[in-house]
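What follows is a set of notes on a single structure, which appears directly below.
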Amino acid sequence: MLKTLWRIAGAAALAVAAQAQAQQATLSPTPPMGWNSWDSYGLTIDEAQYRANVDVLATRLKAAGYQYAVVDEGWYLANPQDASKPETLHYRIDANGRYEPALNRFATATGAAGFKPLADYVHAQGLKFGIHIIRGITKQAVAGNLPIAGSAFHAVDAADTGDTCPWNPDNFGVKDNAAGQAWYDSLMRQYASWDVDYIKVDCIASHPYKGDEIRMIHRAIVKTGRPMILSLSPGPAPLEQAAELGRNAQLWRISNDVWDHWEDNGEWSQNVKAQFAVIASWASHVKPGNWPDADMLPLGWLGPVPGEGKQRTTRLTRDEQRTLVTLWSIARSPLFFGGNLTKLDDWTQALLTNPAVIAMDQRGEGQRLAGQDGAVIAWTSHADGADYLALFNTSDTATTVKAGFAKYGLAQGSYSVRDVWGARSLGKLAAVNHAVAAHGVLLLELRR
């Protein structure tokens, strides 16, 4: 009898592993592109604001490949404006201790509807629906020892009450046991029933890294049979865990939150200049289904309640913005716009939708750091029959780059050259001899 049970358990484990391998192969063959609410709304977004942003995403960015619309942190809070006083927060949970959207903010989530009506709205526009969660089990579930849906376990069986996120008070950690797996299974079934396409799990990739919970969440997603992309935050994810991250998630944050700072930043913030070294360190781990994530694009109008600072137009200069978008794209990072789409200006839209830049991100091959000469950092890539050379000037003064293309690992000889951001042909060239603005980039498209 015991041998039979072991054979059954082994067969079940093999079946789950096979399903996971198949799902991993089909999920996210290119870097995800979309919009996330955090940079402009922080904890506070409501249904009307979200729908308004989705409408613009559909009409102005979808054609370029942007498809995910993500409700970020705190959608279950009735009073997110009181986050600085966590003892006053009001949470909405179901009978099994799982969060439900706050009704004063998401009116269509009545009864047990959850986010399904909102997901339907997104899907009707040809887009995909995403949510953010903090890892763990709700403290309300533990306080009431509520039953874990679909299992014989209760919340106290799964909760690690000695483990809480150091910067978010909502949940306890989850034990790596059968009850813990049952908890995550119940969550992912809930999200699958809402037709969620993308799940961003926070406080799990760093501050601290929680490999056991990453594996449980991955298994739980696979069991649902729904192709939900798993994104892990915050960064910096540990480089030594690249293999485990790649087996269990489609993208993971590689740095602290990137905000609109070129060089200076705070404790939890990463500046754009510092991303060059971080992105290069992860370049060898970029492949279909695995996308090291350089974080959202803090561009355009950041308001009314940004996740950091006061409402504002991005503090990055136009040269710095081109640098950010070029670096993310040539390295094939996910592209998630963080600005308020309802205030999207034409210049920012053009920045986000440049066809050559999108081609590098979505269809690039052989992307690599091609060298550094003082403050000038070079990257190359190949996409849609063209070679691309990006020359970034990280110094505070303009500089002129003079070099043959072979210096950057490209084939010798002449190319028909186009300045991508300048939108102009430079003629037939065998070398570059051009100025690059301070904090700027010269992006060249090279064709034989």
Side-chain angles (χ1 to χ4, degrees), residues 24-25 27-34 36 38-39 65-66 68 70 130 132 198-211 214-215 217-218 221 228-259 268-298 323-338 357-370 377 379-383 388 390 392:
Q24 197 78 357
L27 274 178
S28 197
T30 59
M33 300 170 63
N36 181 292
W38 180 256
D39 282 1
Y66 293 84
Y68 292 93
V70 182
H132 170 289
Y198 181 104
I199 304 171
K200 176 183 173 183
V201 183
D202 219 335
C203 201
I204 199 167
S206 184
H207 307 313
Y209 180 78
K210 300 292 288 188
I214 292 171
R215 292 187 294 272
I217 292 169
H218 171 65
I221 290 173
M228 297 186 285
I229 284 179
L230 177 58
S231 167
L232 305 175
S233 286
L239 191 59
E240 64 272 18
Q241 297 294 346
E244 178 173 76
L245 289 162
R247 286 192 299 269
N248 293 287
Q250 285 70 52
L251 55 157
W252 50 90
R253 282 271 308 284
I254 59 176
S255 75
N256 280 322
D257 292 4
V258 171
W259 281 101
W268 289 87
S269 181
Q270 171 83 331
N271 64 66
V272 175
K273 185 177 180 180
Q275 284 294 75
F276 281 93
V278 175
I279 288 172
S281 72
W282 281 94
S284 64
H285 299 286
V286 173
K287 63 181 180 181
N290 281 183
W291 308 112
D293 180 8
D295 202 15
M296 293 175 282
L297 309 175
T323 287
L324 185 154
V325 172
T326 304
L327 178 60
W328 267 234
S329 298
I330 202 167
R332 305 200 72 192
S333 171
L335 298 178
F336 278 82
F337 180 54
V357 176
I358 298 298
M360 292 191 307
D361 186 77
Q362 295 294 292
R363 299 181 295 280
E365 298 176 335
Q367 64 279 354
R368 56 185 285 271
L369 173 66
I377 299 172
W379 274 76
T380 58
S381 181
H382 183 86
Y388 289 92
F392 300 95

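With sequence neighbours excluded, the residues forming a ring-ring contact (aromatic ring centres under 6.0 Å, His included) with Phe276 are Phe392, listed by chain and number. In this structure Pro238 satisfies the side chain to side chain contact (heavy atoms under 4.5 Å, CB included) test together with Tyr209, Glu240, Gln241, sequence neighbours excluded. For Ser233, the side-chain hydrogen bond (donor to acceptor under 3.5 Å, both in side chains) test picks out no residue, with sequence neighbours left out. For Arg368, there are no salt bridge (Lys or Arg N to Asp or Glu O under 4.0 Å) partners two or more places apart in sequence or in a different chain. In this structure, the side-chain hydrogen bond (donor to acceptor under 3.5 Å, both in side chains) partners of Asn36, at least two apart in sequence or on a different chain, are Asp72. Scored by the side-chain hydrogen bond (donor to acceptor under 3.5 Å, both in side chains) test, Tyr198 finds Ser231 as partners (sequence neighbours excluded). In this structure, the side-chain hydrogen bond (donor to acceptor under 3.5 Å, both in side chains) partners of Trp291, at least two apart in sequence or on a different chain, are Ser28. When the salt bridge (Lys or Arg N to Asp or Glu O under 4.0 Å) test is applied to Asp295, the partners found at least two apart in sequence or on another chain are Arg253. Under the ring-ring contact (aromatic ring centres under 6.0 Å, His included) criterion, His132 pairs with no residue at all, not counting sequence neighbours.
Scanning both residues, Ala359 and Ala383, for their nearest heavy atoms gives O-CB, 3.7 Å. Smallest separation of non-hydrogen atoms from Ala237 and Ser206: N-CB, 4.3 Å. Across all their heavy atoms, Ala294 and Val258 have their closest contact at O-CG2, 3.4 Å.
A donor-acceptor pair under 3.5 Å is formed between the side chain of Asn290 and the backbone N or O of Gly246. Of the possible polar contacts, one joining the Gln362 side chain to the Pro31 backbone as a donor-acceptor pair under 3.5 Å is found. Of the possible donor and acceptor atoms, none in the side chain of Gln250 sits under 3.5 Å from a partner among the backbone N and O of Leu27.
With contacts defined as side-chain heavy-atom distances shorter than 4.5 Å, the pair Ile204/Ile217 qualifies. When side chains are defined from C-beta on, Pro334 does not count as touching Pro292, because their heavy atoms never get closer than 4.5 Å.
Listed by first and then second residue, the salt bridge (Lys or Arg N to Asp or Glu O under 4.0 Å) pairs involving residues 270-284 are Glu263-Lys273 (not counting sequence neighbours). Within the structure, side-chain hydrogen bond (donor to acceptor under 3.5 Å, both in side chains) contacts touching residues 326-337 (residues at least two apart or in different chains) are Thr326-Trp421.
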Residue pair Ile229, Tyr68: steps toward the side chain to side chain contact (heavy atoms under 4.5 Å, CB included) verdict: CA-CA 10 Å; Ile229 284 179; Tyr68 292 93; 3.1 Å; yes

Step-by-step side chain to side chain contact (heavy atoms under 4.5 Å, CB included) determination, Leu369 to Trp379: CA-CA 4 Å; Leu369 173 66; Trp379 274 76; 3.6 Å; yes

CA sep, side-chain torsions, deciding dist, call: Gln367, Met360, side chain to side chain contact (heavy atoms under 4.5 Å, CB included): CA-CA 9 Å; Gln367 64 279 354; Met360 292 191 307; over 6 Å; no

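Here the NE2 atom belonging to His207 is positioned 4.0 Å from the CG atom belonging to Asn256, to the nearest 0.5 angstrom. Between the CG atom of Asp39 and the CZ atom of Phe336 there is a distance of 12.0 Å, given to the nearest 0.5 Å. Taken from CD in Glu244 to CZ in Arg215, the straight-line distance is 4.5 Å, to the nearest 0.5 Å. Rounding to the nearest 0.5 angstrom, the gap separating the CG atom in Leu327 from the CD1 atom in Ile330 is 8.5 Å. In this structure, CG in Leu232 is found 13.0 Å from CD1 in Ile254, a value given to the nearest 0.5 Å. Separation of atoms CD1 (Ile221) and CG (Leu230) is listed at 4.5 Å; rounding is to 0.5 Å.
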Output side-chain donor-acceptor pairs under 3.5 Å for residues 277-285, partner residues at least two apart or in another chain, one line each.
residue : atom : partner : partner atom : Å
Ser281  : OG   : Val278  : O            : 2.6

